[in-house]
Amino acid sequence: MGCGRNCGLLTGAIIGGILAVFGGALIPLGDYLINKTIKKEDVIENGTIAYENWVVPGSPVYRQFWFYDVQNPQEVMNGSRPILKQIGPYTYRMRYLPKENITQHPDYTVSYMLPNVARFEPDMSVGSENDTFTCINLAVVAAPAMYQNSFVQILLNTWIKSSKSLMLQTRSVKEILWGYEDPFLKKVLFPVDRTIGVFYPYNGTSDGLYRVFNGKDDISKTAIIQSYKNKSTLSIWAGQCDMVNGTDGASFPPFVKKDRILRFFSSDICRSIYGIFNSEQIVKEIPLYRFSVPRAAFASPLETPENKCFCTETVLSKNCTASGALDISACKEGKPVYITLPHFLYASEDVTENIEGLSANKDEHETFLDVEPTTGFTLRFAKKLQINLLVKPAPKIDALSKLTKSYIFPVLWLNETAIIDDEKAAMFRSKVISPIKLLHLLQVVLIIVGSMMLLVFIVSYFICRSNKLSNKKEYM
């Protein structure tokens with residue numbers, strides 16, 4: 001009977017200790033359960049969360065366009081520096097059709113085609129598709145770059161003059177983006193496509209064939225591209241620059257750490273690129289990691305030596321010392337297309353000095369991906385780039401004969417963006433975030449409550465024992 005109170009206090013202390021130990025044990029056990037669940041749901045296989053959001057993007061994808069309207073057209077055609085004014089956005093819904101020809105392969109890969117489709121969204125645009133702008137004449141400017149033979153250029157000049165085409169033209173949003181029948185090209189006697197546009201042809205075409213790892217045998221390879229158009233290289237660049245690296249950017253292998261470099265491939269710019277950790281974000285109560293494409297990705301080889309293989313010409317790049325412009329003519333059938341960030345963000349003065357009216361802003365013009373670190377899903381992104389054409393003097397082509405130097409002429413810039421919608425966010429919170437939070441909360445509660453019980457009961461036990469000993473001495 002004398003054991004009663006002391007035994008009760010010791011029992012409470014033991015129970016507290018057990019709870020604390022159990023709470024601590026839940027940490028590796030919880031991590032194991034989370035890993036097991038994520039590994040199951042992250043596999044690109046019918047029936048998983050990953051597959052459901054992979055077949056059709058889990059969020060509406062929009063592509064916003066800003067067009068550069070030439071404010072001094074007559075002066076530009078006489079050799080002066082262009083003054084540009086951006087007008088936009090003109091918004092299209094993209095990527096809303098499911099992937100096609102989905103085929104699972106025995107080597108734990110899945111192949112597919114990505115259908116190209118664009119639907120104009122007037123409520124998200126500043127005007128209609130029929131709004132017009134004064135812009136570069138795509139066909140006339142491309143002609144001397146694609147046909148450098150003097151005799152051919154004399155012929156081209158005859159056709160350009162007979163079609164009354166000039167260096168600049170007035171075209172609508174729809175024509176610039178998706179194509180128009182060019183009057184100069186209609187005069188050309190040798191076989192050429194008479195239709196031209198920045199993204200022509202687009203609607204009704206497909207991008208691919210992509211083949212990616214489904215993650216079933218190795219979750220760390222989930223969504224990584226094994227091949228593009230049946231090759232692991234592009235046959236465009238030299239060395240490592242030619243490799244197809246990473247995923248398509250829609251998702252990454254799970255358990256993303258802040259020190260990881262996220263690599264992704266973009267067929268729009270004909271290269272693989274990467275993002276580095278920038279900041280923590282909260283989107284619809286979901287914690288995310290923001291990865292941004294850094295300045296180094298567009299830097300000259302002087303700054304970033306591994307970019308040497310992206311430098312394919314030495315005149316405009318000043319012997320590969322200029323930054324911020326990527327010549328992708330090799331993957332555009334020889335058309336003199338250059339990719340930069342909007343408003344020449346991160347570009348060197350050699351690139352920017354030839355144009356007036358641009359104002360680069362990192363917050364507005366930077367590309368980023370907001371990734372949920374446990375699953376690797378990209379829940380918000382903004383992919384931004386600018387389409388430019390190389391303009392160069394051509395003495396044998398009257399429309400270009402007054403130019404005094406070669407320079408990059410901006411046509412438009414775009415922001416392809418998406419954010420998880422409310423319904424998908426609620427589903428994601430209930431299936432992924434809430435169970436993880438609940439498990440972590442249970443771990444903390446058990447450790448704290450158990451530790452407090454252990455401490456309180458042990459202290460109480462020793463106090464009680466001390467009092468008992470004191471009473472015993474007094475009695476004696």
Side-chain angles (χ1 to χ4, degrees), residues 66 68 70-72 75-86 135-138 140-142 144-146 148 167-168 198 236-238 241 268-271 273 293-332 334-362 364-367 384-395 400-414:
W66 284 263
Y68 291 113
V70 181
Q71 304 297 292
N72 58 335
E75 291 81 358
V76 171
M77 291 188 288
N78 285 321
S80 296
R81 186 163 58 170
I83 300 173
L84 305 181
K85 177 184 178 182
Q86 78 165 26
C135 62
I136 201 79
N137 190 318
L138 305 178
V140 170
V141 168
M146 298 180 69
Q148 299 181 19
M167 175 185 166
L168 301 178
V198 174
I236 295 172
W237 315 102
C241 294
D268 289 330
I269 61 174
C270 311
R271 64 166 284 189
I273 202 161
V293 175
R295 174 190 176 89
F298 299 93
S300 75
L302 291 179
E303 270 186 73
T304 310
E306 55 264 35
N307 287 351
K308 174 68 175 176
C309 42
F310 284 122
C311 183
T312 56
E313 59 83 41
T314 57
V315 178
L316 202 67
S317 68
K318 308 292 185 184
N319 288 321
C320 300
T321 61
S323 298
L326 180 69
D327 175 9
I328 62 168
S329 57
C331 76
K332 298 297 179 182
K335 300 180 182 71
V337 180
Y338 278 71
I339 295 296
T340 65
L341 290 179
H343 288 249
F344 291 145
L345 177 67
Y346 301 145
S348 59
E349 189 177 345
D350 294 328
V351 177
T352 63
E353 66 183 1
N354 301 299
I355 304 293
E356 290 185 40
L358 304 188
S359 180
N361 181 299
K362 181 180 177 182
E364 186 178 351
H365 301 137
E366 183 180 56
T367 289
K384 302 170 185 179
L385 59 90
Q386 182 170 293
I387 311 293
N388 314 268
L389 284 183
L390 173 64
V391 175
K392 58 192 300 186
L400 303 173
S401 62
K402 295 182 180 179
L403 299 177
T404 58
K405 62 185 297 188
S406 298
Y407 62 94
I408 296 173
F409 199 117
V411 179
L412 59 86
W413 72 273
L414 65 87

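Glu75 contributes no side-chain N or O that, together with a main-chain N or O of Asn78, makes up a donor-acceptor pair within less than 3.5 Å. Checking side-chain atoms of Ser323 against main-chain N and O of Ser300 turns up a donor-acceptor pair under 3.5 Å. Between the side chain of Thr304 and the main chain of Pro301, no donor-acceptor pair closer than 3.5 Å is present. Asn307 places a side-chain N or O within 3.5 Å of a backbone atom of Ala296 that can act as its donor or acceptor partner. Using a distance-only test at 3.5 Å, with no hydrogens or angles considered, a donor-acceptor pair links the side chain of Asn72 to the main chain of Arg81. The backbone N or O of Tyr407 lies less than 3.5 Å from no partner atom in the side chain of Asn354, so there is not a single donor-acceptor pair. Distance alone, capped at 3.5 Å, is enough to place a donor-acceptor pair between the Asn388 side chain and the Tyr338 backbone. Judged purely by atom type and a 3.5 angstrom limit, His365 has no side-chain atom pairing as donor or acceptor with the backbone of Ala360.
In terms of heavy atoms, Val141 sits closest to Leu390 at CG1-O, 3.3 Å. Taking every heavy atom of both residues into account, Ser329 and Lys335 meet most closely at CB-O, 3.1 Å. Among all heavy-atom pairs drawn from Val198 and Leu138, the shortest one is N-CD1, 4.1 Å.
Atom CD1 in Ile236 sits 12.5 Å away from atom SG in Cys309 (nearest 0.5 Å). Atom CD1 in Ile269 sits 9.5 Å away from atom CD1 in Ile387 (nearest 0.5 Å).
For the pair Leu385/Thr367, no side-chain contact is recorded, criterion being any heavy-atom separation below 4.5 Å from C-beta on. Here the side chains of Leu403 and Lys392 are not in contact, with every heavy-atom distance at 4.5 Å or above. Counting heavy atoms from C-beta on, the side chains of Leu412 and Trp66 never come closer than 4.5 Å.
The environment of Glu306 atom CD is dense: over 12 non-hydrogen atoms of other residues, nucleotides or ligands sit within 6.0 angstrom.
Remark: Phe310 engages Trp237 in a ring-ring contact (aromatic ring centres under 6.0 Å, His included) (not counting sequence neighbours).
Note on ring orientation: taking the six-membered ring where Trp is involved, the planes of His343 and Trp413 are perpendicular (angle over 60°, cut-offs 30° and 60°).
Counting only N and O atoms by type, the side chains of Gln386 and Tyr68 include a donor and acceptor under 3.5 Å apart. Using a 3.5 Å distance cut-off with no hydrogens or angles, the side chains of Thr321 and Asn319 do not pair a donor with an acceptor.
The residues Glu364 and Lys384 are annotated as not salt-bridged, no charged nitrogen and carboxylate oxygen being separated by less than 4.0 angstrom.
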